[in-house]
Amino acid sequence: MEFVNLNHVVLHYALKKGRSVEPALVFINSLGSDLRIWQGVEAHLGQEHTLLFYDKRGHGLSDVGDQAYSIDRHADDLIALLDYCKLRKVVLFGLSVGGLVALAVYAKRPELVAGLVLSDTAAQIGTPQMWQERIDTIRRDGIAALADPILQRWFSSGFRAHQADRLAGYRNMLVRTPREGYVGTCEAIRDADYTAIARTVAVPTLCLCGDEDGSTPPEVVMNLEQTIPGASFEMVEYAGHLPCVEQPSVVAGFLNEFTMRLTPRGSDNDDK
């Protein structure tokens, strides 16, 4: 575990050096989760790539902070972390709200971004009314009041039926998210529409979606793919909103194929 104070918050991160320095793979978590959701994917990536995982503000072991949340603020945190870690060219893998953060980083610092992998996300997620209702409920009753319907959207029917212990563990991850961090990020999503930014993306982009995603269903993610010039789409079978948890080898396979297209065989960017 590593920690650094950036933009007046302490961020928790893990930097894993690989044989290849660029592009590094940077993983941006969903709402109510932390960097542990990527452990399965990491196990299937091998030692080739440099990997950066982190907890966005208000999640995991990172500070909540005392500033109003926005997608831009989350993006500024990640940009500061990339600069701190001296990562000059990256592939951003954004899951759910992480996809919005990835688009915001691209808009602010396009020279940093070699490619985008946008999983189970959209340029605008849900409606302002939906998010306000969730915010009001959580402020009144806590995250646990909505945990069961959230988990139904997070995970496929098979996972929920046959992985009771893991389901309980991810419920713990969700409900132990600091309330102000969760609500602040809900407010950030409520106010975010990155449709115009998505139309300007000029780097290779892969859109992924679990076939049983109840938060951003496949048709929503396919709409994002159609909005981004030249983007491609892949379905992850037997997965809900968190394919990285349910099907990590499949997700890692898509990611490896994507990065191989960015750095074809014969190009050598190893750190010598």
Side-chain angles (χ1 to χ4, degrees), residues 7-9 11 28-34 37 54-60 62-79 92 94-108 116 118-154 173-201 207 209-210 213-224 227-228 240-242:
N7 297 337
H8 310 293
V9 294
L11 295 178
I28 316 169
N29 308 332
S30 59
L31 175 66
S33 69
D34 62 41
I37 65 172
Y54 80 110
D55 293 335
K56 60 184 169 289
R57 67 168 64 205
H59 288 70
S62 291
D63 281 350
V64 172
D66 58 5
Q67 299 167 303
Y69 280 34
S70 67
I71 298 301
D72 272 0
R73 178 149 284 137
H74 281 306
D76 287 341
D77 289 344
L78 179 52
I79 289 168
L92 297 175
L95 173 63
S96 192
V97 64
L100 294 173
V101 176
L103 288 170
V105 171
Y106 174 80
K108 288 170 173 284
L116 296 170
L118 305 175
S119 179
D120 302 80
T121 189
Q124 183 177 28
I125 301 175
T127 65
Q129 179 182 357
M130 180 205 83
W131 287 109
Q132 191 58 53
E133 289 172 356
R134 184 183 296 199
I135 290 163
D136 293 342
T137 298
I138 291 172
R139 287 204 182 280
R140 184 180 65 246
D141 302 324
I143 299 173
L146 294 177
D148 289 343
I150 289 172
L151 291 171
Q152 287 177 7
R153 295 190 292 270
W154 273 15
M173 177 183 290
L174 170 65
V175 301
R176 292 174 185 174
T177 303
R179 185 183 303 197
E180 290 307 313
Y182 191 98
V183 166
T185 302
C186 287
E187 292 172 338
I189 301 170
R190 177 197 64 194
D191 299 337
D193 183 352
Y194 278 78
T195 304
I197 297 301
R199 293 191 179 112
T200 70
V201 170
C207 297
C209 189
D213 186 338
S215 293
T216 52
E219 60 270 20
V220 171
V221 183
M222 284 188 277
N223 183 66
L224 175 64
T227 302
I228 296 173
H241 191 55
L242 307 182

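It should be emphasised that the depicted structure is a prediction, and the values quoted were computed from it without experimental measurement.
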Chemist: State which residues pass side chain to side chain donor-acceptor pair (under 3.5 Å) with Asp136; sequence neighbours excluded, sorted by chain then number.
Modeler: Gln132
Chemist: Please round to the nearest 0.5 Å and tell me the distance separating atom CG of Asn7 and atom CG of Leu78.
Modeler: 10.5 Å
Chemist: Nearest 0.5 Å, please: how far is CG in Asp63 from NE2 in His8?
Modeler: 12.0 Å
Chemist: Would you find a donor on one side and an acceptor on the other, under 3.5 Å apart, between the side chain of Arg179 and the backbone of Ile143?
Modeler: no
Chemist: Determine, step by step, whether Ile150 and Arg134 satisfy the side chain to side chain contact (heavy atoms under 4.5 Å, CB included) criterion, reporting the C-alpha distance in whole Å, the side-chain angles of both residues, the deciding distance to 0.1 Å, and the verdict.
Modeler: CA-CA 11 Å; Ile150 289 172; Arg134 184 183 296 199; 4.2 Å; yes
Chemist: Check side chain to side chain contact (heavy atoms under 4.5 Å, CB included) between Ala122 and all other residues, then give those that pass, not counting sequence neighbours.
Modeler: Ile125, Val220
Chemist: Can you name the side chain to side chain contact (heavy atoms under 4.5 Å, CB included) partners of Ser119, sequence neighbours left out?
Modeler: Phe93, Leu95, Leu208, Pro243
Chemist: List the atom of Leu31, the atom of Trp154, and the distance in Å for their closest heavy-atom pair.
Modeler: O-CZ2, 3.4 Å
Chemist: Drop me the distance from Ile228's CD1 to Thr200's OG1, to the nearest 0.5 angstrom.
Modeler: 9.0 Å
Chemist: Quick one: do Leu92 and Tyr106 satisfy side chain to side chain contact (heavy atoms under 4.5 Å, CB included)? Show the steps, please.
Modeler: CA-CA 9 Å; Leu92 297 175; Tyr106 174 80; 5.5 Å; no
Chemist: How would you list, by chain and number, every residue that makes a salt bridge (Lys or Arg N to Asp or Glu O under 4.0 Å) with Asp148, sequence neighbours excluded?
Modeler: Arg171
Chemist: Ser30 and Ser96: which non-hydrogen atoms are nearest, and at how many Å?
Modeler: CB-CB, 3.7 Å
Chemist: Who pairs with Asp34 by salt bridge (Lys or Arg N to Asp or Glu O under 4.0 Å), at least two apart in sequence or on another chain?
Modeler: Arg36
Chemist: Using side chain to side chain contact (heavy atoms under 4.5 Å, CB included), reason through Val221 and Leu118 one step at a time and then give a plain yes or no.
Modeler: CA-CA 9 Å; Val221 183; Leu118 305 175; over 6 Å; no
Chemist: To check you understand the geometry: which heavy-atom pair defines the closest contact between Leu103 and Val201, and what is its length?
Modeler: CD2-CG2, 3.9 Å
Chemist: More than 12 foreign heavy atoms under 6.0 Å from CG of Asp66: is that the case here?
Modeler: no
Chemist: Mind checking side chain to side chain donor-acceptor pair (under 3.5 Å) for Arg139 and listing every partner two or more places apart, or none if nothing turns up?
Modeler: Glu180, Glu187
Chemist: Taking only residues two or more places apart in sequence or in another chain, which ones pass ring-ring contact (aromatic ring centres under 6.0 Å, His included) with His74?
Modeler: Tyr69
Chemist: Just to verify, what does Gln129 make a side chain to side chain donor-acceptor pair (under 3.5 Å) with, not counting sequence neighbours?
Modeler: Glu133
Chemist: Using 0.5 Å steps for rounding, measure from the NE2 atom of His241 to the OG1 atom of Thr121.
Modeler: 7.5 Å
Chemist: Under the rule for side chain to side chain donor-acceptor pair (under 3.5 Å), what residues qualify as partners of Thr195, not counting sequence neighbours?
Modeler: Asp193
Chemist: Should we say atom CZ of Arg176 is surrounded by more than 12 heavy atoms from elsewhere, each under 6.0 Å from it?
Modeler: no
Chemist: Using the salt bridge (Lys or Arg N to Asp or Glu O under 4.0 Å) rule, collect all pairs that involve residues 68-78, keeping only residues at least two apart or in two chains.
Modeler: Arg57-Asp77, Asp76-Lys108
Chemist: Can you tell me how far CG of Leu100 sits from CG of Asp191, rounded to the nearest 0.5 angstrom?
Modeler: 11.5 Å
Chemist: So Asn29 and His59, do their side chains get closer than 4.5 Å, heavy atoms only?
Modeler: no
Chemist: Atom OG of Ser215 and atom CG of Leu242: how far apart are they, to the nearest 0.5 Å?
Modeler: 8.0 Å
Chemist: Show the nearest heavy-atom pair for residues Pro218 and Gly210, with the distance to one decimal.
Modeler: CG-O, 3.8 Å
Chemist: Quick check: closest heavy atoms across Leu174 and Ala147, and the distance to 0.1 Å?
Modeler: CD2-CA, 3.9 Å
Chemist: Check side chain to side chain contact (heavy atoms under 4.5 Å, CB included) between Ser62 and all other residues, then give those that pass, not counting sequence neighbours.
Modeler: Leu11, His12, Asp55
Chemist: Return the minimal non-hydrogen interatomic distance between Gly58 and Thr177, and the atom names on each side.
Modeler: O-CG2, 3.6 Å
Chemist: Met130: which residues meet the side chain to side chain contact (heavy atoms under 4.5 Å, CB included) condition with it, sequence neighbours left out?
Modeler: Thr127
